[in-house]
Each structure stands twice: as structure tokens, then as C-alpha cells.
Engineer: 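Take this structure, written in C-alpha cells, and hold onto it; I'll ask about it next.
Predicted model only: the values in this text are computed from it and were never measured.
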Amino acid sequence: MAVAKALDSLGAPFDDQYQYSSDAALYCTELVSKAYSSLGIELADWGKALKAPLLSEKVLTPDSLIASGKLARIY
């Protein structure tokens, strides 16, 4: 269950560098995306992710999860 996977990450530090490639710290949508990914459900739509000038990676925003339409198919 995705909730159980997310709860396993309870207490992880906030990822203020927004690095999806690392699990050392997590940001909100990274947590949700990785919890579902652990079940084989890929929510991330990197084509809709944000590329911010000062960050090294694209950021998976809440809007990008919603806009992907993949969440609607889960519920």
C-alpha cells in the first residue's frame, strides 16, 4: 500500500534541493511519487515537471502529478 510506503519515510528530512534522484531527503511530491512507484504505479510525468534555473534537476510539482491524469485513474 502506498500509504505504508510513505509512512516508512516519516521523519526523513525535507529536500530543499529538490533532488528526486536522491532518497537522502524528500520533498512532498517526491514522497507521493516514490510511494506509488514502489507499487509499480508511475505517477511522475517528467514532461510536465518544472525546470527551475537554480536547481540541478527538474522538480515534480503537485500540478505535474495532477496534470498527468494518472492520479485520476487510481481512484
Engineer: Distance only, no hydrogens: is a donor on one side chain within 3.5 Å (strictly under) of an acceptor on the other, for Gln17 and Ser56?
Structural biologist: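 No, no side-chain donor-acceptor pair sits under 3.5 Å.
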
Engineer: Do side-chain atoms of Lys5 reach the backbone of Ser9 as a donor and acceptor pair under 3.5 angstrom?
Structural biologist: no

Engineer: Examine Leu7 and Met1 and state if one hydrophobic cluster contains both, with Ile, Leu, Val, Met, Phe, Trp and Tyr joined whenever side-chain heavy atoms are less than 4.5 Å apart.
Structural biologist: yes

Engineer: What heavy-atom pair brings Ala35 and Ala2 nearest, and what distance separates the two atoms?
Structural biologist: CB-O, 3.5 Å

Engineer: CG/Asp15 to OG/Ser22 distance, rounded to the nearest 0.5 angstrom?
Structural biologist: 6.5 Å

Engineer: Members other than Leu31 in its cluster, when Ile, Leu, Val, Met, Phe, Trp, Tyr link by side-chain heavy atoms under 4.5 Å?
Structural biologist: Leu26

Engineer: Who pairs with Tyr18 by ring pair (Phe, Tyr, Trp, His ring centres under 6.0 Å), at least two apart in sequence or on another chain?
Structural biologist: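 With neighbours one apart ignored, the set is Phe14, Tyr27.
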
Engineer: Can you tell me how far CD of Glu42 sits from OH of Tyr36, rounded to the nearest 0.5 angstrom?
Structural biologist: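 Between atom OH of Tyr36 and atom CD of Glu42 there are 13.0 Å.
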
Engineer: At their closest point, which heavy atom of Ala24 faces which heavy atom of Pro13, and how far apart are they?
Structural biologist: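 Looking at all heavy atoms of both residues, the shortest contact is O-CG, 3.4 Å.
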
Engineer: For Tyr20, does its backbone N or O pair with a side-chain atom of Lys34 as donor and acceptor, under 3.5 Å?
Structural biologist: yes

Engineer: Picking from Leu60, Thr61, Asp63, what satisfies side chain to side chain contact (heavy atoms under 4.5 Å, CB included) with Thr29?
Structural biologist: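 One option only clears the test, and that one is Leu60.
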
Engineer: Roughly how far, to the nearest 0.5 Å, is CG of Leu43 from OG of Ser37?
Structural biologist: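 Here the rounded value is 8.5 Å.
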
Engineer: Distance-only, no hydrogens or angles: does the Glu57 side chain make a donor-acceptor pair with backbone N or O of Ser21 under 3.5 Å?
Structural biologist: yes

